2 protein chains.
Amino acid sequence: MEEEGATTVSSRVLAQRVGTTAAQVRKDLSLFGTFGTRGLGYEVRSLRERLREILGLAQEWPIALIGAGRIGSALFEYPNLRRRGFEIVTILDRDPRKIGRSWDGVRIRSIDEVGEVIERLRIKVALVAVPASEAQGVVDRLVGCGIRGILNLAPARLRVPDGVTVNEVDLALELEVISYALGARGTVPGEIRQDVTSDP
Amino acid sequence: MEEEGATTVSSRVLAQRVGTTAAQVRKDLSLFGTFGTRGLGYEVRSLRERLREILGLAQEWPIALIGAGRIGSALFEYPNLRRRGFEIVTILDRDPRKIGRSWDGVRIRSIDEVGEVIERLRIKVALVAVPASEAQGVVDRLVGCGIRGILNLAPARLRVPDGVTVNEVDLALELEVISYALGARGTVPGEIRQDVTSDP
DNA sequence: ATTTGTGAACATGTTCACAGCT
DNA sequence: AGCTGTGAACATGTTCACAAAT
């Protein structure tokens with residue numbers, strides 16, 4: 001909206017863009033403080049900036065990519081990560097044939113170097129794209145080296161100590177959700193809503 | 001559990017495996033019917049079978065992959081989809097250099113053939129892996145041809161008519177969730193819980 | 001006139017705790 | 001004795017509706 005030249009925006013318009021209600025937007029924002037001006041709405045630039053801070057996105061996040069297979073490669077090339085402030089700064093694998101190669105200037109290192117690299121590059125977050133059977137072992141090493149957040153693409157349920165955040169993305173599971181939604185049950189509660197209800 | 005030879009399982013054990021509580025498991029199951037035997041628990045094989053039916057997973061789902069780029073390629077090679085009952089049976093792209101090639105015996109076709117292919121192969125679900133700028137256009141065509149479910153990997157908010165299910169996977173967003181969780185706020189409400197609470 | 005921020009009302013989701021069955 | 005299925009109690013999340021601010 002900033003790029004579109006908008007200087008101010010109401011909860012109603014925000015809600016429309018995002019697929020929720022105006023009241024919801026206001027209540028959600030209110031949990032973090034007071035952002036708007038009554039009668040006017042929210043100042044786009046300052047709202048954006050405050051939200052970036054709340055979400056921890058004011059900084060760039062250096063990311064370790066674990067697994068230089070096909071999925072790892074697709075992730076590495078995925079331009080959206082960088083655009084959104086996440087930069088893959090190291091790639092780790094255990095296959096000797098891959099170690100030593102570079103992707104776009106980023107060297108693929110041995111997983112054994114994980115401790116050294118993570119410390120040197122101050123990495124806190126890792127993208128795990130290894131086979132499911134290796135995922136828990138890799139994650140244990142990562143956590144041991146001080147990684148605090150993990151985005152896991154392997155279809156494996158990971159066990160991590162308190163204080164480490166894991167986010168799982170399982171594409172087969174997402175397809176299963178669609179499968180259920182298409183069942184002979186009509187519209188399913190909990191389905192993604194695309195329609196906007198707004199204040200009366 | 002079936003492979004492990006278990007013939008019967010309690011809500012408590014199911015809950016542990018899945019990261020929730022025994023009461024939650026029982027309540028959730030009860031919404032779909034009555035599956036267990038008091039005093040004994042659930043019969044593994046029959047529970048599995050009933051759940052497969054409820055989720056619509058008793059059948060194989062033929063899937064159309066839209067976009068033969070890097071992400072599309074990674075998805076196509078991803079063995080887990082097939083293992084979980086989803087088989088990519090056609091690949092559509094608009095790049096003439098890709099059309100006509102085959103991946104592992106599956107021909108890449110022009111997106112213009114979408115209607116014909118979807119009908120012939122009885123495809124109801126598509127995996128959209130095209131650039132964000134093209135996503136809405138592609139989805140409109142898919143919906144026009146009778147696709148009922150879409151798993152969207154492009155970071156674009158899609159508008160679809162009622163009766164079509166869309167599921168969005170946005171990796172940058174998942175990293176943002178981690179970014180927020182790592183903020184100086186301690187443990188965050190809504191975070192994935194790994195600890196199991198069970199009935200007393 | 002317009003729009004926020006927020007208690008209060010309402011709705012949905014989770015846990016408790018126990019009767020009822022094996 | 002052990003475990004399910006489920007109302008009732010409790011907790012969390014959403015919407016309403018309006019006073020306060022510009």
Side-chain angles (χ1 to χ4, degrees), chain A residues 1-2 6-51 53-55 177 180-181 185-200, chain B residues 1-2 6-51 53-55 177 180-181 185-200:
Chain A
M1 298 186 78
E2 214 174 344
T7 148
T8 229
V9 63
S10 68
S11 56
R12 190 172 47 78
V13 171
L14 280 171
Q16 258 163 19
R17 293 258 183 160
V18 128
T20 181
T21 63
Q24 187 73 72
V25 167
R26 295 201 299 277
K27 185 68 96 180
D28 283 0
L29 291 177
S30 79
L31 294 172
F32 292 99
T34 144
F35 299 86
T37 316
R38 290 168 187 223
L40 194 75
Y42 302 89
E43 216 246 305
V44 174
R45 169 174 285 278
S46 83
L47 179 60
R48 174 174 180 278
E49 215 35 59
R50 303 230 9 219
L51 290 177
E53 272 157 33
I54 289 165
L55 295 171
V177 171
Y180 173 69
R185 273 169 303 283
T187 303
V188 169
E191 190 176 324
I192 290 171
R193 253 162 295 189
Q194 304 271 140
D195 282 339
V196 174
T197 325
S198 54
D199 280 359
Chain B
M1 298 186 77
E2 214 175 343
T7 148
T8 228
V9 62
S10 68
S11 56
R12 190 172 48 77
V13 171
L14 280 172
Q16 256 162 19
R17 293 255 182 165
V18 126
T20 182
T21 64
Q24 187 73 71
V25 167
R26 295 200 300 277
K27 186 68 99 180
D28 283 1
L29 290 178
S30 78
L31 294 172
F32 292 99
T34 145
F35 299 86
T37 316
R38 294 173 186 218
L40 195 74
Y42 303 90
E43 215 245 304
V44 173
R45 170 174 284 278
S46 85
L47 179 61
R48 174 174 180 278
E49 215 37 58
R50 305 232 6 221
L51 289 178
E53 271 157 34
I54 289 166
L55 295 171
V177 171
Y180 173 69
R185 274 169 302 284
T187 304
V188 168
E191 189 177 326
I192 290 169
R193 252 161 296 187
Q194 304 271 139
D195 281 341
V196 174
T197 324
S198 54
D199 279 358

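Everything quoted here is computed from the prediction, not taken from an experiment. So you know, we letter chains A, B, ... as the sequences are listed, proteins then strands, and number each from 1.
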Within the structure provided, determine whether [X] and [Y] are in side-chain contact (heavy-atom separation under 4.5 Å).
X: A:Leu51; Y: A:Leu29; value: yes
X: A:Val9; Y: A:Arg17; value: no
X: A:Thr37; Y: A:Thr8; value: no

Distances for protein N/O vs nucleotides 8-12 of chain D N/O pairs under 3.5 angstrom?
none

Kindly give the heavy-atom pair with the smallest separation between [X] and [Y], and that separation in Å.
X: B:Val44; Y: B:Glu2; answer: CG1-N, 3.9 Å
X: A:Ala15; Y: A:Ala22; answer: CB-N, 3.5 Å
X: A:Ile54; Y: B:Tyr180; answer: O-CD1, 3.3 Å

Legend entry - Side-chain N,O (B:Thr21) to OP1/OP2 (C:dT15) below 4.0 Å: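 Yes.
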Expressed as a whole number of angstroms, how long is the span from [X]:[atom1] to [N]:[atom2]?
X: B:Asp28; N: D:dT4; atom1: CG; atom2: P; value: 14 Å
X: A:Phe35; N: C:dT4; atom1: CZ; atom2: P; value: 13 Å
X: B:Arg12; N: C:dT15; atom1: CZ; atom2: P; value: 17 Å
X: B:Leu29; N: C:dG13; atom1: CG; atom2: P; value: 16 Å
X: A:Glu43; N: C:dT4; atom1: CD; atom2: P; value: 14 Å
X: B:Leu31; N: D:dG7; atom1: CG; atom2: C1'; value: 13 Å
X: A:Leu47; N: C:dT4; atom1: CG; atom2: P; value: 11 Å
X: A:Arg26; N: D:dA20; atom1: CZ; atom2: P; value: 16 Å

Inset, instruction - Please report how far the helix from C:dA1-D:dT22 to C:dT22-D:dA1 bends, comparing the axis fitted to its first five pairs with the axis fitted to its last five, to the nearest 10 degrees. - result: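 Comparing the first five pairs with the last five, the axes sit 0° apart.
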Inset, instruction - Return the 5'-most residue of the pair A:Gly36, B:Gln24 with respect to DNA chain C, ranking by each residue's nearest nucleotide. - result: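 Its nucleotide being nearer the 5' end, the pick is A:Gly36.
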Inset, instruction - Given side chain to side chain contact (heavy atoms under 4.5 Å, CB included), test A:Lys27 with A:Ser30 step by step and report yes or no. - result: CA-CA 5 Å; A:Lys27 185 68 96 180; A:Ser30 79; 4.1 Å; yes
Kindly compute the distance separating [atom1] ([X]) from [atom2] ([Y]), expressed to the nearest 0.5 Å.
X: A:Leu47; Y: A:Arg45; atom1: CG; atom2: CZ; answer: 12.5 Å
X: B:Thr21; Y: B:Asp28; atom1: OG1; atom2: CG; answer: 8.5 Å
X: A:Arg50; Y: A:Glu43; atom1: CZ; atom2: CD; answer: 11.5 Å

Inset, instruction - Counting heavy atoms from C-beta on, name the nucleotide in D:dG5, C:dT4, C:dC16 closest to the side chain of B:Tyr42. - result: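 Nearest to the side chain of B:Tyr42 among the choices is D:dG5.
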Inset, instruction - Verify side chain to side chain contact (heavy atoms under 4.5 Å, CB included) between B:Arg48 and B:Tyr42, making sure each step is shown before the conclusion. - result: CA-CA 10 Å; B:Arg48 174 174 180 278; B:Tyr42 303 90; over 6 Å; no
Name the pairs: protein N/O against N/O of nucleotides 19-22 of chain C, kept only if under 3.5 Å.
{"unit_1": "C:dG20", "atom_1": "N3", "unit_2": "B:Arg38", "atom_2": "NH1", "d": "3.3"}
{"unit_1": "C:dT22", "atom_1": "O4'", "unit_2": "B:Arg38", "atom_2": "O", "d": "3.1"}

